[in-house]
Amino acid sequence: MSRGIQVVSMVVCLILVVGSCNLTAISHVEGEKLYKIHCANCHMEDGSGLAALYPPLQKADYLQSLGVSLSCIIRNGLQEPILVNGVKYEQAMPANDRLSDVEITNICNYVLSKWTDDESYVSLERVKETLSNCQ
């Protein structure tokens, strides 16, 4: 094997190893950007919500219980009232049906790691499976 091919092979291997190690970090960075564009207008940039209109995400018991099911809410919205930290929220949440599965995965990873006790990475495969089974 020539020296040039060896170098290229080593670089490709390094990129694959480093890239796979940073999937979580990339997902969170992209998720934060998407959250600011699609979610922060109502839930606020710091996740505090807006008075009695839009529920908080930070310290929200409702969010703690969702896990990857958050993807269904992001995609399909919510029409029925919900109870968050003892407060009833009746304002409908619009669907974000134009977001791709990847974008929803990134938002889920950002929101869940930022405002819940669950620091685990949500994979694209789990989000796709969950989205295919949304009620």
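Since the model is a prediction, treat every value here as computed from it, not as a measurement. Quick note: residue numbers are just sequence positions, from 1.
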Basic-acidic side-chain contact under 4.0 Å: K33, E30: yes

Test Y62 against I73 for side-chain contact (heavy atoms from CB on, under 4.5 Å), laying out the working first. CA-CA 12 Å; Y62 187 82; I73 294 173; 3.9 Å; yes

Which residues satisfy the disulfide (SG to SG under 2.5 Å) test with C72, sequence neighbours excluded? C134

Are L50 and I82 linked, directly or through intermediate hydrophobic residues, by side-chain heavy-atom contacts shorter than 4.5 Å (ILVMFWY only)? no

What disulfide bond (SG atoms under 2.5 Å apart) pairs are there with at least one residue in residues 97-132, not counting sequence neighbours? none

What verdict does the side-chain contact (heavy atoms from CB on, under 4.5 Å) test give for S27 and Y110, after you've listed the backbone C-alpha separation in whole Å, the side-chain angles of each residue and the deciding distance to 0.1 Å? CA-CA 7 Å; S27 185; Y110 173 71; over 6 Å; no

Which atom names give the shortest non-hydrogen contact between K36 and E45, and what distance separates them? CE-OE2, 3.5 Å

So does N85 get a backbone contact from the side chain of D61, meaning a donor-acceptor N/O pair under 3.5 Å? yes

Which residues pass the side-chain hydrogen bond (donor to acceptor under 3.5 Å, both in side chains) test with D46, not counting sequence neighbours? S48

For the pair H28 (side chain) and N106 (backbone), establish whether a donor and an acceptor sit closer than 3.5 Å, ignoring hydrogens and angles. no

Could you list the residues that satisfy side-chain hydrogen bond (donor to acceptor under 3.5 Å, both in side chains) with S120, not counting sequence neighbours? D118

Grouping I, L, V, M, F, W and Y whenever their side-chain heavy atoms are under 4.5 Å apart, do L70 and L99 come out in a common cluster? yes

CD on E125 to CG on D101, rounded to 0.5 Å: 10.5 Å

Could you tell me which non-hydrogen atom of T105 sits nearest to which non-hydrogen atom of S123, and how far apart they are? CG2-C, 4.1 Å

Closest non-hydrogen atom pair, P81 against K88: CB-CE, 3.7 Å

Out of the candidates D97, N96, V127, only one should pair with R75 under the side-chain contact (heavy atoms from CB on, under 4.5 Å) rule; please name it. D97

Can you tell me which residue pairs pass the disulfide bond (SG atoms under 2.5 Å apart) test with a partner in residues 24-65, sequence neighbours excluded? none

For L112 and L63: C-alpha separation, side-chain torsions, deciding distance, then whether side-chain contact (heavy atoms from CB on, under 4.5 Å) applies. CA-CA 8 Å; L112 293 172; L63 181 61; 4.2 Å; yes

When you look at Q91 and Y54, which way does the side-chain contact (heavy atoms from CB on, under 4.5 Å) test go after all the steps? CA-CA 7 Å; Q91 183 71 32; Y54 304 112; 3.3 Å; yes

Quick one: does Y121's side chain get under 4.5 Å of N109's, heavy atoms only? yes

Please name all residues satisfying side-chain hydrogen bond (donor to acceptor under 3.5 Å, both in side chains) with N76, sequence neighbours left out, ordered by chain then number. none

Mind checking whether L66 and I107 sit in one hydrophobic cluster, side chains of I, L, V, M, F, W, Y counted as touching below 4.5 Å? yes

Value for CD (Q58) from NZ (K114), rounded to nearest 0.5 Å, stands at 9.0 Å

Other residues, nucleotides and ligands only: do more than 12 of their heavy atoms fall within 6.0 Å of CD on Q64? yes

Test of understanding: clusters of I, L, V, M, F, W, Y form through side-chain heavy atoms closer than 4.5 Å, transitively. Do M93 and Y89 belong to the same one? yes

Verify the cluster assignment for Y35 and V102: are they in a single hydrophobic cluster under the rule of side-chain heavy atoms below 4.5 Å apart? no

Nearest heavy atoms of E80 and L78, plus distance in Å: OE2-CD2, 3.3 Å

